[in-house]
Asks: 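Sharing a structure below in structure tokens format, with a few things to ask.
Counting from 1, the numbers follow the sequence of the chain as shown.
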Amino acid sequence: MRGFRALFAFTMGCAASSVHAQDLPVKNQKFYVRVGASRIIFDEKANVKVGGQPLEGADGTLSDNTTVALEIGYHITRHISLAATAGAPPKTTLTAAGNLSGAGILGKVRYAPGTYTVRYHFGKSGGIQPYLGAGFNWTIVLKNQDGLLQHIRAANTVGPAIAAGIDIPVNQRFGIFFAGMKTWTSTDVRFDMPTPAGLAPGSAHVRMNPTIAYGGVQLRF
């Protein structure tokens with residue numbers, strides 16, 4: 001709920017600062033395409049097992065990522081749209097924390113983030129429009145890279161998502177936007193951990209729950 005409140009406050013604050021902007025005329029434009037910069041900030045937590053037994057106090061951190069975001073949307077009605085948001089595949093680094101702190105890089109994962117939402121747009125068509133939405137996130141793991149841990153295998157993730165933002169038109173076709181999303185996702189990671197007796201099979205359930213902030217330019221057609 002903390003992520004939702006932050007996104008809602010961000011959207012309403014942007015709308016309040018723009019209430020005096022003049023509405024622009026608009027034709028029957030149902031599609032919109034957005035391109036911009038995106039920041040992915042993880043809220044991570046790991047539960048680790050080695051040899052089937054919990055490794056108490058072991059944890060890990062995920063590095064936050066910056067990438068290029070692409071979004072395609074379609075207005076079913078003047079106020080309701082469907083949107084698909086994807087990012088150029090970034091790479092996150094899993095670093096040892098907790099009782100494992102100081103052990104260094106455990107591994108790296110390159111992933112393709114995607115979020116699919118239904119949105120309600122407030123305000124007049126062609127004018128400044130805040131929106132709220134909900135849907136789901138589906139992130140695909142493209143490549144695993146070993147670090148201290150060997151034979152890392154991270155699973156794809158699916159989880160709920162909420163979205164909020166504001167569209168600010170420049171003319172009938174072009175505009176700018178500022179937006180944010182909160183998703184609740186986790187992944188199961190399998191690996192082999194080096195020990196004095198050799199490699200021991202292990203697993204980790206990793207909570208990711210990223211908050212995504214992005215903005216850029218928009219084309220309507």
Asks: Are Leu219 and Tyr74 linked, directly or through intermediate hydrophobic residues, by side-chain heavy-atom contacts shorter than 4.5 Å (ILVMFWY only)?
Replies: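 Yes; tracing contacts between hydrophobic side chains, which count when under 4.5 Å, links both residues.
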Asks: For Gln129 and Lys124, does a side-chain donor sit closer than 3.5 Å to a side-chain acceptor?
Replies: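 No, because no side-chain N or O of Gln129 sits under 3.5 Å from a partner of the opposite role on Lys124.
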Asks: Considering all heavy atoms of both residues, which atom of Ile166 and which atom of Tyr131 are nearest to each other, and what is their separation?
Replies: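 Here Ile166 and Tyr131 meet closest at N-CE2, 3.9 Å.
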Asks: Can you tell me how far the CZ atom of Arg220 sits from the CG atom of Asn171, to the nearest 0.5 Å?
Replies: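 Interatomic distance, Arg220 CZ to Asn171 CG, rounded to 0.5 Å: 11.5 Å.
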Asks: What are the two closest non-hydrogen atoms of Ile152 and Gly107, and how far apart are they?
Replies: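 Closest approach of Ile152 to Gly107: CD1-CA, 3.5 Å.
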Asks: Are the side chain of Arg34 and the backbone N or O of Gln218 linked by a donor-acceptor pair below 3.5 Å?
Replies: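 No.
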Asks: Drop me the distance from Lys91's NZ to Arg110's CZ, to the nearest 0.5 angstrom.
Replies: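 It is 5.0 Å, given to the nearest 0.5 Å.
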Asks: Without hydrogens or angle criteria, can the side chains of Ser81 and Tyr32 be said to hold a donor-acceptor pair below 3.5 Å?
Replies: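 Note: Ser81 and Tyr32 side chains meet the donor-acceptor criterion.
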Asks: Just how far is it from atom CZ of Arg190 to atom CG of Leu149, taken to the nearest 0.5 Å?
Replies: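 Output value for this atom pair is 14.0 Å.
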Asks: Can you see which heavy atom on Phe178 is nearest to which on Ile168, and at what distance?
Replies: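 Nearest pair, atom of Phe178 first, then Ile168: CE1-CD1, 4.3 Å.
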Asks: Is a side-chain N or O of Asn144 found less than 3.5 angstrom from the main chain of Val109, in a donor-acceptor match?
Replies: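 No; zero donor-acceptor contacts below 3.5 Å.
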Asks: Would you say Thr157 and Tyr111 make side-chain contact, with heavy atoms under 4.5 Å?
Replies: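 No, side chains not in contact.
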Asks: Between the side chains of Asp192 and His151, is a donor N or O closer than 3.5 angstrom to an acceptor N or O?
Replies: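 Yes, His151 and Asp192 have a side-chain donor paired with an acceptor closer than 3.5 Å.
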Asks: Would you please test Asn156 and Thr139 for side-chain contact (heavy atoms from CB on, under 4.5 Å) and show each step?
Replies: CA-CA 6 Å; Asn156 299 337; Thr139 296; over 6 Å; no
Asks: Mind checking whether Leu106 and Val141 sit in one hydrophobic cluster, side chains of I, L, V, M, F, W, Y counted as touching below 4.5 Å?
Replies: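 No; tracing contacts between hydrophobic side chains, which count when under 4.5 Å, never links both residues.
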Asks: Going through the checks in order, is the side-chain contact (heavy atoms from CB on, under 4.5 Å) test met by Gln150 and Leu199?
Replies: CA-CA 8 Å; Gln150 303 296 302; Leu199 293 177; 4.1 Å; yes
Asks: Quick one: does Asp167's side chain have a donor or acceptor within less than 3.5 Å of a partner on Ile128's backbone?
Replies: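 Between the backbone of Ile128 and the side chain of Asp167 there is no qualifying donor-acceptor contact (under 3.5 Å).
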Asks: Donor-acceptor check, side chain of Thr117 to backbone of Arg119, threshold 3.5 angstrom: yes or no?
Replies: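 No, because the side chain of Thr117 does not come within donor-acceptor range (under 3.5 Å) of the backbone of Arg119.
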Asks: Shortest non-hydrogen contact from Gly98 to Asp59?
Replies: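 Residues Gly98 and Asp59, closest heavy atoms: N-CB, 4.2 Å.
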Asks: When you measure from the side chain of Gln29 to the backbone of Gln172, do you find a donor-acceptor pair of N or O atoms at a distance under 3.5 Å?
Replies: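 Yes; judged by distance alone, with no hydrogens or angles, the pair exists.
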Asks: Do Leu70 and Leu142 sit in one hydrophobic cluster, given that two such residues count as connected whenever their side-chain heavy atoms are within less than 4.5 Å of each other, even indirectly?
Replies: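 Leu70 and Leu142: separate clusters.
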Asks: What is the distance from atom OG1 of Thr77 to atom NE2 of His121, rounded to the nearest 0.5 Å?
Replies: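 Answer for the OG1-NE2 pair, Thr77 versus His121, is 8.5 Å.
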Asks: Please name the residue in the list Asn209, Thr211, Thr92, Thr185 that meets the side chain to side chain contact (heavy atoms under 4.5 Å, CB included) test with Phe42.
Replies: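 Only match with Phe42 under side chain to side chain contact (heavy atoms under 4.5 Å, CB included): Thr92.
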Asks: I need the single residue from Thr66, Asn65, Thr67 that forms a side-chain hydrogen bond (donor to acceptor under 3.5 Å, both in side chains) with Arg39. Which is it?
Replies: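 Between Arg39 and the candidates, side-chain hydrogen bond (donor to acceptor under 3.5 Å, both in side chains) is satisfied uniquely by Thr66.
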Asks: Are any non-hydrogen side-chain atoms of Val48 and Phe191 less than 4.5 angstrom apart?
Replies: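 Heavy-atom side-chain distance check passes, below 4.5 Å.
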Asks: Under a 3.5 Å distance rule, please check whether Glu44 uses its side chain to pair with a backbone N or O of Leu62 as donor and acceptor.
Replies: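 Flag set: sc Glu44 to bb Leu62 pair under 3.5 Å.
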Asks: Identify the two heavy atoms, one from Thr187 and one from Ala154, that lie closest to each other, and give their separation to 0.1 Å.
Replies: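 Minimum heavy-atom contact is OG1-C, 4.1 Å.
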Asks: Would you check if Ser186 and His205 make a side-chain contact, meaning some heavy-atom pair closer than 4.5 Å?
Replies: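 Of all side-chain heavy-atom pairs linking His205 with Ser186, at least one is under 4.5 Å.
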Asks: Within this structure, what is the CG-CG distance for the pair Leu55 and Leu100, rounded to the nearest 0.5 Å?
Replies: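 Going from the CG atom of Leu55 to the CG atom of Leu100 covers 5.5 Å.
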Asks: Just verifying a value: how many Å separate Ile76 CD1 and Lys30 NZ, rounded to the nearest 0.5 Å?
Replies: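 Spacing of CD1 (Ile76) from NZ (Lys30) equals 10.0 Å.
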Asks: Side chains of Asn47 and Pro54: closer than 4.5 Å at any heavy-atom pair?
Replies: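 Heavy-atom side-chain distance check fails, nothing below 4.5 Å.
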Asks: Do Pro90 and Ser38 come close enough that some side-chain heavy atom pair is under 4.5 Å?
Replies: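 Of all side-chain heavy-atom pairs linking Ser38 with Pro90, none is under 4.5 Å.
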Asks: Just do the side-chain contact (heavy atoms from CB on, under 4.5 Å) check on Asp43 and Arg207 with the steps written out, would you?
Replies: CA-CA 7 Å; Asp43 177 20; Arg207 181 193 75 194; 3.3 Å; yes
Asks: Which heavy atom in Thr85 sits nearest to a heavy atom in Tyr214, and how many Å separate them?
Replies: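 Result for this residue pair: OG1-OH, 4.1 Å.
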Asks: Quick check on the hydrophobic clustering: are Trp184 and Val158 connected, directly or via other members, by side-chain heavy-atom contacts under 4.5 Å?
Replies: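 They do not share one cluster, since no chain of ILVMFWY contacts under 4.5 Å joins Trp184 to Val158.
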Asks: Quick one: does any side-chain atom of Asn137 pair with a main-chain N or O of Gly114 as donor and acceptor, under 3.5 Å?
Replies: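 It does hold such a pair.
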Asks: Are Ile72 and Phe136 connected in the hydrophobic side-chain network, where two residues link if heavy atoms are under 4.5 Å apart?
Replies: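 Shared cluster, no.
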Asks: Given Val118 and Ile80, is the side-chain contact (heavy atoms from CB on, under 4.5 Å) satisfied, shown in steps?
Replies: CA-CA 7 Å; Val118 179; Ile80 299 175; 4.1 Å; yes
